[in-house]
Amino acid sequence: MDSEFQLEQKRVDGVIGTITDQISSLETETSQRRNELVDIRRHFWDEIKVNVDSFDDYLETIIGLRQEAQILSTNQSTERLASQKLAKLRRMQEVPYFGRIDFLEEGEAAAEQVYIGISTLMDASGENFLVHDWRAPVSSVYYEYQTGPASYSTPGGEVEGALEKKVQYLIRGGVLQSMFDTSLTIGDEILQQVLGKGTDKQMHSIVATIQQEQNRIIRHDRGKLLIVQGAAGSGKTSAALQRIAYLLYKYRTHLNPDQIILFSPNSMFNSYVSNVLPELGEENMQQVTFQEYLDHRLGEEFQLENPYAQLEYVFTAAHTPAYNSRVSGIRFKASRSFFEALESYRKSLERSGMQFKDINFRGKPVVTAQQIADRFYSSDTSLRFHNRLEKLKGWLLKKINDRQKDELDESWVQDRIELLSNDDYHKARVYLAKKQGLKSEEMSDFEVKPEALARLIVQQKFKPLRKRVRAFGFIDIKGLYRQLFADLKQISQWIDGETPAEWPEICRATLEMLDEGRLSYEDATPFLLMKELIQGFQANSSIKHVVVDEAQDYSPFQFEFLKRLFPSAKMTVLGDFNQAIFVHASETDDFHMLMNLYGPEETEVINMARSYRSTKPIIEFTRRLIPNGDRIIPFERGGERPVLTQVADHAELHRCIVSKVAALRKLRYNSIAIICKSLEESKRAYEALSGIEGIKLLKSGTAEYEQGIVVIPSYLAKGIEFDAVIIYDASRQVYGDDSLRRVFYTACTRAMHELQLYSVGEPMPLLQNVLQESSVQD
């Protein structure tokens, strides 16, 4: 074994030598490319003769510009690719590879040794593979098979053969620390080492420890929709990010990072996962939260509530008079039936009900809302709805042109001319001269005619009005959405089923919000859909793949909207219904509601039952908190059982937490989270515990995930893991309602190594049941 180990170390040394040589060569090349780029940018305009005196001169200038821009673009692309390759090689200098398979292809006399790492590496001749990229077809054998018959798919067909041996390497800093000959999918030894480490500020690549079920997600390539239902800590997000890297590798000739978008739960999570793709030598895809998209589309019109403000209300306002109607409204407005009702409502507007705004100029109507409505319902009614609106737009622009001509003789125009500054007059003079085709040298004799100046001033004043009409600003979208709730009985003609019993209260609250210029979170997507259905969808066909993380937080309504927003995209959604903490979430524990999004034939579901994040005792505890928790399979990693401590009051609670944090610090944990149910509770806890050195309060506006000791609301902790978790108050008073079971489960499953629970007074009923099953220390 010692001899084999020495031979393997010798190979590591040889591979690192090759990497070092390539780095040296590439550094020289990259430096030269960078200097060339700087030189091109510095002298860009020196190479171009700008002349617009005649059409031929103008054409020559344009051609010259394009040629120089093409040279610049080519050099930028070459320099970027060289820099990316250099970054990969530098990472491989530390860990050149992590695995090896000995694969005997059918018909061959001897097995080929295939070494697997984060990127491909060729020898100096450029003919032999020293390392295969983990995404290469042959590398799938490493993740998919135990020793014995094996195969992998290539563009040329299926390659059959046998896996004779599988070896794992633990290499750090170019030194082979250990190696394992294993018949398992991925040897537990290395996975144990990875999982046993402390947390980091950012999520990292898992290519060395990808499990078989994760590999199915990464390499899945069928249908329009992949649904991943996975237990907390099963590696859903990690697998999804590796999947993006795989797609970028497989379709590298016609897929780039800008054509992939990840919808993540919050901006702090964006920061947390931002390192994974660069670690694999790929550029990050676009990352956005659904709320950021809503703000982009509606933020100028309304003050928007964010999803966490909605959750905060749900968690803290249970005893207020409007609570039940608000919760009922949230569920109703998130439903597919409300989506379909809005579609039916839009179709009804073809016959009646459209609302428009007056078009005024200087306080006087150009066309009134009633005149616009009369025109819409009396002209071209056989055309499609959007064609009718386009024709209406043309009619309105003509009306504006007519009014513009009438304004030329108005006194305000002459007043405006007399008040023009010298600078404004000069600009107007140059503009009018160029409009007549005069060259620079001919402008000295040009005289501005008063009527031409008047036309220019009036035209500029009417410009915003035209812009508004072209953007369908004459349609009263707010009025149309308001109309849905103004008449309590009206919606019954469009909805399939019954409205909620609290419908009158829902309508009243919605109207109040609209009249105040505010939109609740549950109204934002429906309002935007109404706008899109009327004005035409601003679909993004350039996006080829959409990834939705924490998918259980999205409503059926929002998924229907995303489908229409990205018509050319395939979709990967990841979630865990046991962590579905929003009110609109289904009471079931699966994504059945998504099966009809693209149809069963275009949809595949992968379930991930094994949880890797937490120690076995923590998982055995947390899986008792949810229905069907026995389906969750813990990874065999030992640790201490969770501990429940009951205290008499908050003063004792805070003394206990301070003491516990000090003890956890001695264990050198990088991250300790004190998780509260709501932000309101988090603020109180943070204030009481502010004496703990370095403690931070994380809120929904926090842009970057920070390590150390944090106080955090349950809903912001989703998707993030911590070395140790302290549940601030697991009492009956805080978590007594059974609807909070998923919230509590989500908070507890953030813990990797240690879980401590406190209860001020009597623990929540769920914990009392778990106590009897001895999965938690009392």
Side-chain angles (χ1 to χ4, degrees), residues 3-30 78 81-145 147 150-176 179-181 205 207-208 210 219 245-246 248-250 252-253 280-282:
S3 173
E4 185 181 356
F5 195 90
Q6 288 170 2
L7 285 172
E8 288 288 356
Q9 179 63 62
K10 189 174 180 181
R11 186 184 193 278
V12 170
D13 295 339
V15 170
I16 290 176
T18 301
I19 292 170
T20 303
D21 291 342
Q22 291 189 16
I23 286 174
S24 178
S25 172
L26 207 53
E27 280 177 339
T28 303
E29 181 187 336
T30 305
T78 305
L81 290 172
S83 296
Q84 288 173 355
K85 187 176 179 183
L86 191 57
K88 286 180 185 176
L89 287 169
R90 284 172 177 157
R91 276 187 286 271
M92 292 179 75
Q93 204 169 20
E94 294 292 310
V95 184
Y97 46 85
F98 53 80
R100 185 189 102 205
I101 56 171
D102 294 359
F103 183 74
L104 178 61
E105 186 177 336
E106 205 171 78
E108 296 293 328
E112 179 187 4
Q113 291 187 340
V114 177
Y115 287 81
I116 299 165
I118 65 163
S119 185
T120 298
L121 180 72
M122 310 296 288
D123 66 6
S125 71
E127 295 179 359
N128 302 306
F129 284 93
L130 295 178
V131 182
H132 283 74
D133 192 296
W134 67 277
R135 296 163 292 187
V138 68
S139 302
S140 65
V141 174
Y142 178 74
Y143 300 110
E144 289 291 328
Y145 292 98
T147 51
S151 64
Y152 61 93
S153 299
T154 71
E158 198 75 8
V159 177
E160 304 284 347
L163 175 59
E164 294 189 343
K165 191 175 186 179
K166 181 157 62 175
V167 182
Q168 290 177 269
Y169 302 97
L170 187 62
I171 303 170
R172 294 292 180 267
V175 177
L176 178 60
M179 55 185 282
F180 306 96
D181 183 350
S205 153
V207 290
I210 291 169
R219 295 174 189 264
Y246 171 76
L248 288 170
Y249 172 84
K250 184 174 181 180
R252 53 192 175 276
T253 56
L280 296 169
E282 300 288 356

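Glu105 contributes atom CD, which lies 5.5 Å from atom OH of Tyr152 (distance to the nearest 0.5 angstrom). The distance from atom CZ of Arg135 to atom OH of Tyr246, rounded to the nearest 0.5 Å, is 10.0 Å. A distance of 7.0 Å separates OG1 in Thr120 from NE2 in His132, rounded to the nearest 0.5 Å. Here Glu94 contributes atom CD and Leu89 contributes atom CG; the two are 13.0 Å apart, rounded to the nearest 0.5 Å. In this structure, NZ in Lys88 is found 11.5 Å from CG in Leu26, a value given to the nearest 0.5 Å.
Ser24 places no side-chain N or O within donor-acceptor distance of the main-chain N or O of Asp21, the cut-off being under 3.5 Å. Checking side-chain atoms of Glu164 against main-chain N and O of Asp102 turns up no donor-acceptor pair under 3.5 Å. One N or O on the side chain of Thr20 and one on the backbone of Ile16 form a donor-acceptor pair closer than 3.5 Å. Although no hydrogens or angles enter the test, the distance criterion places no donor-acceptor pair under 3.5 Å between the side chain of Thr18 and the main chain of Asp123.
Between Met179 and Arg100, every side-chain heavy-atom pair lies at or beyond the 4.5 Å cut-off. The shortest side-chain heavy-atom distance between Ile19 and Arg90 does not fall under the 4.5 Å cut-off. Looking at Gln22 and Leu121, their side chains come closer than 4.5 Å, going by heavy atoms from C-beta outward. Between Ile118 and Val131 the shortest side-chain heavy-atom distance does not fall below 4.5 Å. Contact check for Val12 versus Pro96: side-chain heavy atoms found under the 4.5 Å cut-off. Counting only heavy atoms from C-beta outward, the side chains of Ile101 and Val138 approach each other to under 4.5 Å.
With sequence neighbours excluded, the residues forming a side chain to side chain contact (heavy atoms under 4.5 Å, CB included) with Ala150 are Phe103, Val141, Tyr145, Leu163, listed by chain and number.
Closest of all the heavy-atom pairs between Pro137 and Ser153 is CB-O, 3.1 Å. What you find for Asp13 and Gly174 is that their closest heavy atoms are OD1-O, 4.2 Å.
A tilted orientation is assigned to the rings of Phe98 and Tyr143, their planes being inclined by 30° to 60°.
Just one of Tyr97, Tyr142, Phe129 meets the ring pair (Phe, Tyr, Trp, His ring centres under 6.0 Å) condition when paired with Tyr115; it is Tyr97.
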Can Glu144 and Arg219 be said to form a salt bridge (Lys or Arg N to Asp or Glu O under 4.0 Å), step by step? CA-CA 11 Å; Glu144 289 291 328; Arg219 295 174 189 264; over 6 Å; no
